[in-house]
Amino acid sequence: MATREKVHSLRFNQDHGCFICCMDSGVRIYNLEPLAEKIHLRESLVGSVGHGEMLHRTNLLAMVGGGSMPRYADNTVLVYDDRTAKLVLEFTFAVPVLAVRLRKDRLVVVCQRQIHVFSFPHSPRRLFTCETRDNPLGLCEVTPLPSADRHILCFPAHKLGAVQLVDLLTTESTVSQAPLTVQAHKSEIACLSVNREGTLLATASHKGTLIRVWDTARRVLLAELRRGSDPATLYCINFSGDSEFLCCSSDKGTVHIFALKDTRLNRRSTFSRMGFLGGYMESQWALANFTVPPECACVCAFGANSTVYAICVDGTFHKYIYKADGCCNRESFDVYLDLVADEEF
């Protein structure tokens with residue numbers, strides 16, 4: 001068996017058909033259906049990598065150095081062209097880069113107190129910069145599709161528990177106007193997600209007990225979903241391609257699946273009609289959930305035909321089929337990706 005490698009980050013591409021692993025030994029990209037390694041950039045070329053982002057299924061991907069053997073500084077974003085097998089763009093900043101987001105017309109770079117938006121990939125130039133609340137997790141999401149209904153950039157606002165929404169197609173002059181914010185939680189934001197059309201925003205706080213879903217145009221709450229009653233660190237929230245379902249994963253190794261279109265499918269407490277119990281019992285609970293066998297941190301996303309994928313930091317890959325009655329069935333095969341978790345993930 002190959003030497004197991006440290007994973008620093010895992011992230012799906014925009015259509016959830018692939019995922020990228022950033023490791024001490026470089027970068028690996030996998031296709032999901034069928035599961036197959038497509039790209040392996042070794043440390044001899046890129047060094048150890050802390051963060052990465054695919055651009056759909058194109059030949060371009062962005063990387064940031066990190067880990068124990070970096071070849072490039074952690075304040076530099078590198079864009080690699082797999083077609084020419086070369087690094088083709090480089091963006092350097094005064095402070096470390098915590099995340100990168102790509103669209104076919106934008107590159108977004110997240111630092112601890114600023115977010116920089118660039119035109120991309122032709123003749124890249126900085127369009128504007130947003131000042132943010134202290135953002136050590138590098139939280140930021142964008143509408144993934146240039147053809148979407150709403151083109152939004154969302155990130156933690158200056159006010160505790162709030163999320164700021166910015167028009168991703170904006171110019172410098174409009175950024176100075178009064179910001180649009182959603183007061184999502186009373187404590188620090190820990191996880192964000194935007195659906196493919198940019199019409200829905202999902203948020204979770206550091207408590208990890210509730211996920212709230214918001215209409216981005218009206219900035220109103222559409223649903224409150226309860227992951228559980230005990231605190232947890234949420235690593236991932238994702239909408240299904242049609243925005244009818246939402247999944248989330250946490251450090252407990254459990255993936256929860258909620259219905260958004262037909263919320264009657266979600267479970268509710270038998271005490272939900274007893275008003276004296278308050279909002280705690282009135283939240284919607286997951287229609288289905290499953291715990292991956294390693295019971296460790298993972299990221300999750302929807303595939304076709306009621307499929308949910310979970311990729312764990314211990315290097316295991318899991319595929320489940322869920323049904324409207326809440327039943328989840330694990331596929332009979334097991335896949336091990338020869339990876340091992342970094343404790344800081």
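Keep in mind that this is a model prediction, so the values were computed, not measured.
In this structure, the side-chain hydrogen bond (donor to acceptor under 3.5 Å, both in side chains) partners of Asn13, at least two apart in sequence or on a different chain, are Asp15. Among residues two or more places apart in sequence or in another chain, the side-chain hydrogen bond (donor to acceptor under 3.5 Å, both in side chains) test is passed with Thr181 by none. Glu131 meets the salt bridge (charged side-chain N to carboxylate O under 4.0 Å, His left out) test with no other residue; sequence neighbours excluded. Remark: His206 pairs with Ser187 by the side-chain hydrogen bond (donor to acceptor under 3.5 Å, both in side chains) rule, at least two apart or across chains. Contacts of Arg126 classified as side-chain contact (heavy atoms from CB on, under 4.5 Å), with partners at least two apart in sequence or in another chain: His116, Phe118, Thr129.
Salt-bridge formation is detected for the pair Asp230/Lys252: a Lys NZ or Arg NE/NH1/NH2 atom is positioned less than 4.0 Å from an Asp or Glu carboxylate oxygen. Under a 4.0 Å N-O distance rule, the pair Asp262/Arg264 qualifies as a salt bridge. A salt bridge is absent between Arg83 and Asp81: the closest approach of a Lys/Arg side-chain nitrogen to an acidic carboxylate oxygen does not fall below 4.0 angstrom. A salt bridge links Arg101 to Glu141: at least one charged side-chain nitrogen sits closer than 4.0 Å to a carboxylate oxygen.
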Point to revise | Step-by-step salt bridge (charged side-chain N to carboxylate O under 4.0 Å, His left out) determination, Glu188 to Lys207 | key: CA-CA 9 Å; Glu188 294 286 358; Lys207 293 181 180 178; over 6 Å; no
Exercise for review: Could you give me the CA-CA distance, side-chain angles and deciding distance for Glu53 and Arg11, then say whether salt bridge (charged side-chain N to carboxylate O under 4.0 Å, His left out) is met?
Suggested key: CA-CA 7 Å; Glu53 175 87 337; Arg11 186 167 170 85; 2.5 Å; yes
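By the 4.5 Å heavy-atom criterion applied to side chains, Cys18 and Met54 are counted as neighbours. The side-chain heavy atoms of Val163 and Ile189, taken from C-beta on, include a pair separated by under 4.5 Å. No side-chain heavy atom of Lys319 sits under 4.5 Å from any side-chain heavy atom of Arg330.
Hydrophobic side-chain contacts under 4.5 Å tie Leu260 into a cluster, directly or through other members, with Leu200, Ile211, Val213, Val220, Leu222, Leu225, Leu234, Ile237, Phe239, Leu246, Phe258.
Separation of the Phe245 and Tyr322 ring centroids falls under the 6.0 Å cut-off.
Under the 4.5 Å side-chain heavy-atom criterion for grouping Ile, Leu, Val, Met, Phe, Trp and Tyr, Tyr30 is connected to Val7 within one hydrophobic cluster. If you chain together hydrophobic residues whose side chains sit under 4.5 Å apart, Leu139 and Val194 fall into the same group.
More than 12 heavy atoms of other residues, nucleotides or ligands lie within 6.0 Å of CD in Gln183, so this atom counts as buried by the packing criterion.
With values rounded to the nearest 0.5 angstrom, His185 atom NE2 is found 11.0 Å from Leu160 atom CG.
In terms of modelled atom types and a separation under 3.5 Å, the side chain of Asp215 and the main chain of Arg218 share a donor-acceptor contact.
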